[in-house]
K.L.:
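Attaching a single structure in structure tokens format; questions to follow.
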Number of protein chains: 2
Amino acid sequence: MKATINDVAKQAGVSIKTVSRVINNEASVRQLTREKVQRAVDELNYQPNLSARNLAGAKSYSIAYIYDNPNAYYIIDMQKGILSACKQQGFELLIHPCDSKSQGITEEVVNMVKQARIAGLILTPPLSEMPEFVKTLVDLDVKVVRILSGDVAPDDLSPCVMVNDRDAAQTITQHLIDLGHKDIGFLAGDAVHMSTIERYKGYRRALKASNIEFNKSLVIEGSYSFDSGVSGAKELMSVQTANPRPTAIFSCNDEIAAGALFAARLMNISIPEQLSIVGFENSPFSRQTWPKLTTADQPNNQIAEDAAMLLISQIRKQKNPITISQYVPKLIVRDSTAQYEKL
Amino acid sequence: MKATINDVAKQAGVSIKTVSRVINNEASVRQLTREKVQRAVDELNYQPNLSARNLAGAKSYSIAYIYDNPNAYYIIDMQKGILSACKQQGFELLIHPCDSKSQGITEEVVNMVKQARIAGLILTPPLSEMPEFVKTLVDLDVKVVRILSGDVAPDDLSPCVMVNDRDAAQTITQHLIDLGHKDIGFLAGDAVHMSTIERYKGYRRALKASNIEFNKSLVIEGSYSFDSGVSGAKELMSVQTANPRPTAIFSCNDEIAAGALFAARLMNISIPEQLSIVGFENSPFSRQTWPKLTTADQPNNQIAEDAAMLLISQIRKQKNPITISQYVPKLIVRDSTAQYEKL
DNA sequence: TAAAAAAATGACAGCGCTGTCAATTACTAA
DNA sequence: TTAGTAATTGACAGCGCTGTCATTTTTTTA
């Protein structure tokens, strides 16, 4: 039923080693031979046995995606992107959800890497933002690619795929400014996350670029949650606290924005007429609020595939130069933002 | 670094075959020997190499989770549960997102099963509800476990884990009835999904059990989406359409309920004072609406682990009797339901 | 107590592939 | 043309484990 390398070799009239060479794209196989083998491979619909490869070879064909992120949509997108790269490159993907805050997380992952003979790892926040953790893994002789928030890699421990939240946040803020807003509130996510910091930087930059004076009372600390959005927006919009009262709010993600939206409704503030709100992430969330959220879209699928490709190329040839690719989330204008109308 | 079966054999002073017997829990190993080997295994922290096992043995130690479900939370929960069973049983999990409506879906999965030497598959709706598809796979000599909506398996093609949406829906509806509601609207999900059908049945049963006359105009067809909830609720609550106007709404899932919530706000209907709304699923969603949704909770993690265990036991011994386990989602009362107040 | 039966253990091949290194072939220059 | 070099190909061992079947040990029975 299932063709082996032996069948292919017979069919092509060469040795199995030559077939092996062809399917691994090694040099020093004559063009003619290569074609002959390729034809046999196609005819028999041969696909190499991953277990055998992993067992026989020095290299491994398994990579792992390790994550600890409460955002299910993000993870599903990542998985899909990584899987697509794996399929193209004949790699296998292991997924490993974990708790980044647990005591033995490093040991747990180290064990898993050794146990499963993992050739490479993909790390997303918050794991990718834990330097000690990353360091340990890199020292382990396993390739690592991190997905991080920012424009430049924080170190050269591993190749990174950077998501430039800063520029995106600046663009979004600029969008609010272009609509005539000057008093723009900022609802922060968890302060420990780089994404929060980067988005904050972008917000500040946009203000500066337009010579709008920064007002600290418009910045509310919080976390990446709906509740945080609710309470943050309440604080911003209650006359006694914030001064001046903002006419627009930048929320660090869509969940916070959804919370802000709700707070506004509770306070009888109509969106977007009296207050513009923007989110970040373009999660399915942002299309299920009313009004629909203006937000920033990250092509997570693409980012993940890119990261996986980077990882696999690292695994393939040792001395790959450290490459970094960068994405900038794109502004998506929907219904939660409007021109500022002086009352 | 990594201990092999040979190391263990040496350490325990037995042959590798005996070690193999112990780690596979085979019979005919003396208790004494078993303990000796076990000790060596523990000391060396030995874990069998999956690739080698897959390659050498007739059996395979890989199962796959194939899914096509837009609900990311659901999938993540499933994965986690399945993974936990795999870890316990020394199995490997392959994940395979796919498009159930695509032409070649069956062929795609069949290929994957053959290619990766998959021993078993876990199927969730909508894939688990496609009889032809399931039939093809079962005929393929791969074990299958389906997760389905209902109380009894629709056939004996494979063991099933049933989620009794009907009883749960009845309980939820009863909760509304207990609160004094009589005119209870029903916002359906996609009509092709068994879950919709089952939930509808539960709703009808509860009405019947309390001798409340069923009113067809209170049932609105729709789909599992926010927008469907919005338009459905609008239709129900506009005086001219529905007669009588419902005082409570049963929504087929939380997303629909969230939509209904929004529609209510648009129409200035206060929740829960003027209208009670219930959801289904207990997705993170349901805690991020205002007010928080009364809903039904499915222990997806547990369901998934159960399904995976069932699958693995199937794989282990051929002639396992077809087992079926059943879960009934539990009512979670939050803030979107209240006593019916006659005006 | 010895022979027969049953239980426990081990020797060995081989799963499908890759790495090593030797053998062959093609190509170059003299 | 022919030796000399480079490019191509193949033979073979072995990755870590399981299946088969032979061997040894223990238990039972006469």
Side-chain angles (χ1 to χ4, degrees), chain A residues 1-38 40-41 44-62 90-92 114-117 119 315-316 318, chain B residues 1-38 40-41 44-62 90-92 114-117 119 315-316 318:
Chain A
M1 186 85 251
K2 205 179 49 202
T4 75
I5 197 169
N6 241 302
D7 305 328
V8 178
K10 241 170 260 169
Q11 171 109 353
V14 296
S15 76
I16 57 169
K17 181 69 229 195
T18 300
V19 177
S20 172
R21 288 201 178 91
V22 172
I23 60 179
N24 285 297
N25 237 314
E26 283 171 31
S28 79
V29 176
R30 242 190 324 179
Q31 189 54 30
L32 192 74
T33 317
R34 193 178 294 277
E35 279 161 14
K36 216 165 43 180
V37 172
Q38 193 56 56
V41 166
L44 296 172
N45 190 26
Y46 165 76
Q47 300 205 241
N49 178 321
L50 256 170
S51 294
R53 270 163 98 125
N54 274 328
L55 186 58
K59 347 184 184 65
S60 134
Y61 292 82
S62 300
F91 272 65
E92 178 183 42
K114 285 188 189 161
Q115 160 60 17
R117 270 180 98 246
I315 294 167
R316 285 258 153 86
Q318 300 286 6
Chain B
M1 185 85 250
K2 205 180 49 205
T4 76
I5 196 169
N6 241 303
D7 304 329
V8 178
K10 240 170 262 170
Q11 171 109 353
V14 298
S15 76
I16 57 171
K17 181 69 232 195
T18 301
V19 176
S20 172
R21 288 201 177 90
V22 172
I23 60 179
N24 286 297
N25 237 316
E26 283 170 30
S28 76
V29 176
R30 241 188 325 179
Q31 188 55 29
L32 191 74
T33 316
R34 194 180 292 278
E35 278 161 15
K36 216 166 43 180
V37 171
Q38 194 56 56
V41 166
L44 295 172
N45 191 25
Y46 166 76
Q47 299 205 243
N49 178 321
L50 257 169
S51 294
R53 270 162 99 126
N54 274 329
L55 185 58
K59 347 183 184 68
S60 135
Y61 292 82
S62 301
F91 272 64
E92 178 183 42
K114 285 188 189 159
Q115 160 59 19
R117 270 180 98 248
I315 293 168
R316 285 257 155 85
Q318 299 286 5

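Each chain gets a letter, A, B and so on, in the order its sequence line appears, and its residues count up from 1. Values in this document were obtained by computation on a predicted structure and should not be read as measured data.
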K.L.:
Nearest of dG19(C), dC17(C), dT8(D) to any side-chain atom of S28(A)?
P.N.:
dT8(D)

K.L.:
Does K59(A) put a side-chain nitrogen or oxygen below 4.0 Å from OP1 or OP2 of dG19(C)?
P.N.:
yes

K.L.:
Spell out, as yes or no, whether a donor-acceptor pair under 3.5 Å connects the side chain of R21(B) to the backbone of V29(B).
P.N.:
no

K.L.:
Write down the distance between CG (L32(B)) and C1' (dT26(D)), rounded to a whole number of angstrom.
P.N.:
13 Å

K.L.:
Between atom CD1 in I5(A) and atom C1' in dG19(C), what is the gap in whole Å?
P.N.:
13 Å

K.L.:
Looking at the side chain of E26(A), which of dG19(C), dG10(C), dT18(C) is the nearest nucleotide?
P.N.:
dG19(C)

K.L.:
Is Y46(A) close enough to dC17(C) that one of its side-chain N or O atoms is under 4.0 Å from OP1 or OP2 there?
P.N.:
yes

K.L.:
To the nearest angstrom, how far is R30(A) atom CZ from dT25(C) atom P?
P.N.:
11 Å

K.L.:
Under 4.0 angstrom, heavy atoms only, what part of the nucleic acid is T33(B) near: base, sugar-phosphate, or nothing?
P.N.:
sugar-phosphate

K.L.:
What integer distance in Å separates R53(A):CZ from dG19(C):C1'?
P.N.:
14 Å

K.L.:
Please report the interatomic distance CG(L50(B)) to CG(L55(A)), rounded to the nearest 0.5 Å.
P.N.:
11.5 Å

K.L.:
Which is more 5' along DNA chain D, the nucleotide nearest T18(A) or the one nearest T4(B)? Just name the residue.
P.N.:
T18(A)

K.L.:
Assuming nearest nucleotide by heavy-atom distance, tell me which of V29(B) and G57(A) is located more 5' along DNA chain C.
P.N.:
V29(B)

K.L.:
Any side-chain N or O of S20(A) less than 4.0 Å from the OP1 or OP2 oxygen of dT18(C)?
P.N.:
yes

K.L.:
Just by distance, do the side chain of D7(B) and the backbone of T4(B) share a donor-acceptor pair under 3.5 Å?
P.N.:
yes

K.L.:
Rounded to whole angstroms, how far apart are CG on L55(A) and P on dC17(D)?
P.N.:
9 Å

K.L.:
Please check this pair: side chain of S60(A) against backbone of R117(A), looking for a donor-acceptor N/O pair closer than 3.5 Å.
P.N.:
yes

K.L.:
Enter the distance from N24(B):CG to R53(B):CZ here, rounded to the nearest 0.5 Å.
P.N.:
5.0 Å

K.L.:
How close or far is atom C1' of dG19(D) from atom CD1 of I16(B), stated in whole angstroms?
P.N.:
12 Å

K.L.:
Starting from C1' on dG10(D), measure out to CG on N6(A) and report it in whole angstrom.
P.N.:
13 Å

K.L.:
Which nucleotide sits closest to the side chain of N24(A): dT18(C), dC17(D), dG10(C)?
P.N.:
dT18(C)

K.L.:
Could you work out which one of dG16(C), dC15(C), dG10(C) sits closest to the side chain of S15(B)?
P.N.:
dG10(C)

K.L.:
Grab the CZ-P distance between R21(A) and dA7(D) for me, whole Å please.
P.N.:
14 Å

